[in-house]
Structure formats: structure tokens, C-alpha cells
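Beneath this line is the structure, given in C-alpha cells, with notes to follow.
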Amino acid sequence: MKKLAYILLACTCFLSCGKKNRYADIDTSKSTVEAIKIERFDQDFFQIDTCKTDTSLALFKQKYGQFAELYLRGVIGITPITPEAEIVHQFLTHPGYREIYGDCENMYKDMSKEENELTVAFKRLNSLFPEMQTPKIYTIFSGFGNFITVDEGLLAISLDYYMGKDYKNYKHVDGLYDYLIANLRREKISSDAVKGWLESEFEVKDETPNLLASIIHQGKLMYLLEALFPQTEETELMGYTQDQWEWCEANEAQMWGYLTENRQLFSTDQILIAKYTTPAPFTSYFPQESPGRTGIWIGWQIVRSYMEKNANVTIQQLMENNDAQEILENSGYRPK
């Protein structure tokens with residue numbers, strides 16, 4: 001493997017900022033995706049009769065089949081140790097959950113906006129990847145468990161995580177810090193849901209990816225997400241404020257220089273990788289003015305550069321390419 005210093009010397013100077021995704025226009029006329037209809041699993045779940053939980057739950061499970069089992073075990077966390085109906089009864093009669101779900105129900109009486117957004121996004125995805133399955137989409141109430149739940153052929157959105165940054169009850173939930181709450185907004189539902197689906201369809205192949213592979217993989221997902229939501233601002237897709245985005249642009253060369261000079265790109269230290277790719281108030285290697293997840297932002301810029309520089313490479317070929325170093329070498333990425 002070549003040392004990064006030599007790779008960088010071979011790269012030509014290229015700035016990726018402001019480059020248009022060339023998949024902004026996609027012909028969806030041959031898409032086989034029909035209009036998305038979100039199934040309100042959450043409404044039916046809260047209609048379970050807690051006076052006769054056993055029989056009501058059995059009918060509920062009969063209606064929803066595989067997904068009911070996934071929800072009860074994977075989201076609520078039911079185990080064989082405690083009777084299923086007892087846990088469901090406790091969950092549905094929990095005063096805090098009932099209050100929060102009531103607020104969810106009031107906010108999400110009509111989800112036609114999200115249905116339209118998801119329809120457009122999945123039509124575009126189907127046009128690019130016609131063999132890819134389009135999931136059945138549900139809304140759920142997780143009690144602050146999973147944001148997005150994905151399984152074979154299904155995608156679930158936890159509405160309790162999308163009540164708006166000023167929602168009164170978020171301040172009482174352990175682990176929901178301000179930097180997370182800023183993106184708990186209705187506007188994020190569709191892109192978060194599709195990003196969750198893409199992550200399940202395009203998984204990291206390497207069992208122990210290094211930092212470069214991790215940020216390039218995330219950059220590919222962001223490039224594809226950008227193609228599926230061409231009318232959505234890049235700041236919104238990233239979950240950054242305008243100030244955070246501009247900080248990254250102004251400090252792009254310095255961030256990249258830090259990564260290369262400290263030989264971090266080929267590190268497989270999962271703690272180090274997480275510091276660059278998981279939500280945080282700021283990126284711990286950078287000043288406190290930096291946003292979290294700057295590694296993903298850099299990966300996105302590398303992929304943008306790669307696709308701009310290699311007009312013959314299709315988005316399908318990009319997503320199939322698991323050689324992160326090849327993408328970097330041929331991206332011409334060298335911010336300054």
C-alpha cells in the first residue's frame with residue numbers, strides 16, 4: 001500500500017465545494033414504484049385494549065405479522081423472561097409515553113407531505129437501482145428507542161424523535177443532548193428514513209474498516225442521498241446549520257491536513273473513527289467551533305470530487321466500488 005504522502009503528491013489541486021451532483025435530474029418515467037402509503041402502525045398499537053391485552057395483542061400481531069414481532073422484541077425489548085402482554089400493558093399505560101404519543105398523534109394527523117417526499121425519493125432510487133426492493137413504510141412510537149428501524153422489506157420511523165427542537169419533553173429524556181435535539185425535526189423524517197434504508201442496502205464490506213474507508217462509505221451514501229433529494233439543501237441533508245457548514249468549508253484544508261499529517265486515515269481504531277463520524281457537539285480533534293461528524297462531511301466532499309473528475313463513472317459503479325483508496329487517488333481531492 002502506498003503511503004498517503006505519495007498519494008497526495010500525485011493528486012491535482014481540486015476544490016469540490018459548490019459542485020452540482022450530476023444526478024440532480026433523473027428520468028423516473030420507467031420507475032415501477034407506486035405512491036408510498038405510510039402505514040400508521042403506531043395508531044393501531046395504541047388502540048390495543050389494555051383491559052384485555054392478551055386477546056387484543058393477538059389480533060394486532062395477526063394484522064402486522066413479521067413487523068409486530070420485530071417491533072415487540074427489537075424496539076420495545078420484550079424477552080421470553082417476562083410475559084409479553086404484561087410488558088405491552090406497562091408500555092401502553094405509562095403516563096409519560098401516553099402524553100408524548102398524544103402529542104405525536106396531534107402533530108402527525110396528516111402525513112401526506114412525507115408520503116409525497118418518500119414517493120419521489122424511492123422513484124428516483126428505483127430508476128437508478130431497479131433491482132432494489134422498495135420497502136413498506138411504517139410509523140411507530142419507540143419510547144425513545146430506535147430512530148429508524150430497518151428489516152427485510154420494511155422501514156419504520158419513530159415519530160417520538162421528530163417533534164421539533166423546542167418540544168417540551170425532550171429535556172426530560174436521558175441522552176438527548178442539545179446537539180441531537182437540533183435535528184429532531186419533522187423536516188428530517190424523509191431524508192433520515194431513506195438514509196437508514198440506504199445504509200442497510202449498501203453495507204461496509206470490510207469487517208474492520210479504517211477511517212478512510214468509513215468516511216468514503218459515508219460520503220457515497222451522502223452523494224446518493226443528495227441525488228434522491230435534489231431540492232433539499234445540503235446543510236439539511238447533513239443536519240448542519242449554515243454556520244456549521246461554512247465552518248467546514250473555511251477549515252477544510254486544515255481538517256484534511258490534520259488527518260494526513262497525523263496518519264489517521266488508515267487507523268482501524270473504532271473509537272477514533274467514531275469521533276469523526278458519530279453525532280457530537282463538536283469533533284474532538286478539532287476546535288469546539290467545529291460541528292460533529294466532520295469525517296462524513298469530508299468523505300462527501302471527496303466523493304463529490306471523484307464523481308466530478310470521473311464523468312465516465314456512474315453512480316451505480318460508485319456505490320459498488322469498495323476501494324476507498326482508489327476513490328481518493330482518483331478524486332483529485334486536495335483542498336487548500
Side-chain angles (χ1 to χ4, degrees), residues 1-24 26 125 128-129 131-132 195 197-228 234 237-238 248-249 252-270 272-278 283 285 293-336:
M1 182 179 292
K2 297 180 181 178
K3 290 186 180 297
L4 183 65
Y6 295 107
I7 296 171
L8 292 178
L9 286 173
C11 292
T12 58
C13 178
F14 186 84
L15 290 176
S16 64
C17 298
K19 294 297 181 183
K20 180 183 178 183
N21 187 310
R22 57 182 155 95
Y23 287 89
I26 298 174
L125 182 61
L128 295 173
F129 299 92
E131 302 303 317
M132 187 182 297
K195 176 80 181 304
W197 182 251
L198 296 180
E199 287 174 344
S200 73
E201 291 291 318
F202 299 101
E203 297 180 325
V204 178
K205 302 300 182 183
D206 193 338
E207 291 185 3
T208 55
N210 58 32
L211 177 62
L212 178 63
S214 298
I215 66 174
I216 292 291
H217 176 73
Q218 286 294 326
K220 288 160 54 178
L221 292 175
M222 291 305 300
Y223 187 86
L224 178 53
L225 191 69
E226 183 180 32
L228 303 182
E234 57 192 2
L237 292 177
M238 189 68 202
C248 288
E249 288 185 326
E252 186 173 5
Q254 289 85 349
M255 290 192 293
W256 183 244
Y258 184 90
L259 288 174
T260 57
E261 290 165 13
N262 289 277
R263 301 176 180 270
Q264 291 184 334
L265 287 175
F266 299 112
S267 171
T268 57
D269 183 337
Q270 296 304 299
L272 179 146
I273 293 172
K275 288 181 178 179
Y276 283 108
T277 58
T278 57
T283 300
Y285 294 103
R293 300 176 294 123
T294 51
I296 296 176
W297 188 90
I298 292 170
W300 190 5
Q301 309 319 308
I302 294 172
V303 171
R304 280 174 158 181
S305 293
Y306 176 77
M307 293 300 284
E308 182 71 18
K309 191 176 178 67
N310 298 276
N312 60 315
V313 175
T314 66
I315 199 167
Q316 294 85 354
Q317 290 169 330
L318 169 70
M319 300 309 295
E320 292 171 2
N321 186 353
N322 296 306
D323 190 339
Q325 187 167 342
E326 184 275 325
I327 290 175
L328 175 61
E329 288 182 7
N330 291 298
S331 68
Y333 182 75
R334 194 179 181 186
K336 63 179 182 178

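Everything quoted here is computed from the prediction, not taken from an experiment. Sequential numbering from 1 along the given sequence is applied to the chain's residues.
For the atom pair CD of Q270 and CG of L211, the computed distance is 10.0 Å after rounding to the nearest 0.5 Å. Here the CD1-CG distance, from I215 to L328, works out to 8.0 Å after rounding to the nearest 0.5 Å. Between atom CD1 of residue I302 and atom CD of residue Q218 there is a gap of 12.5 Å, rounded to the nearest 0.5 Å. A distance of 12.5 Å separates CZ in R304 from CE in M307, rounded to the nearest 0.5 Å. Distance CG/L265 to OG1/T260: 7.0 Å, rounded to 0.5 Å. The distance from the CG atom of N330 to the NZ atom of K309 is 8.5 Å, given to the nearest 0.5 Å.
For the residue pair E320 and Q316, no side-chain donor N or O sits within less than 3.5 Å of a side-chain acceptor on the partner. Inspection of the W300 and E226 side chains reveals an N or O donor paired with an N or O acceptor under 3.5 Å.
You'll find the side chain of M222 reaches within 4.5 Å of the side chain of L237, heavy atoms only. For the pair K195/L228, no side-chain contact is recorded, criterion being any heavy-atom separation below 4.5 Å from C-beta on. A heavy-atom distance below 4.5 Å is not found between the side chains of W297 and E234. Using a 4.5 Å cut-off on side-chain heavy atoms (C-beta onward), Y333 and I298 make contact. Put simply, the side chain of K275 does not reach to within 4.5 Å of the side chain of L272, judged on heavy atoms. Between I327 and L318, some side-chain heavy-atom pair lies under the 4.5 Å cut-off. Side-chain contact between Y223 and Y306: absent, with no pair of heavy atoms (C-beta onward) separated by less than 4.5 Å. Using a 4.5 Å heavy-atom threshold, the side chains of Y258 and Q264 count as touching.
Here the closest heavy-atom approach between residue K220 and residue N321 is recorded as NZ-O, 2.6 Å. Taking every heavy atom of both residues into account, N21 and A227 meet most closely at ND2-N, 3.7 Å. The two atoms that bring I315 and F129 nearest to each other are O-CZ, 4.2 Å, heavy atoms only. Looking at every heavy atom in both residues, V313 comes nearest to Y23 through O-OH, 4.4 Å. Nearest heavy-atom pair across K336 and A253 is CA-CB, 3.5 Å. When all heavy atoms of N210 and I273 are compared, the pair lying nearest together is C-CD1, 3.8 Å.
Evaluation of the side chain to side chain contact (heavy atoms under 4.5 Å, CB included) rule for T294 yields Y240, C248, M255, Y276, T283, F286, P291 as partners, not counting sequence neighbours.
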ask   = Is there a side chain to side chain contact (heavy atoms under 4.5 Å, CB included) between M319 and L221 once you walk through the steps?
value = CA-CA 8 Å; M319 300 309 295; L221 292 175; 4.1 Å; yes
Run the side-chain donor-acceptor check on residues 197-208: report pairs under 3.5 Å with partners two or more places apart or on a different chain.
unit_1 : atom_1 : unit_2 : atom_2 : d
S200   : OG     : W197   : O      : 2.7
D206   : OD1    : T208   : N      : 2.9

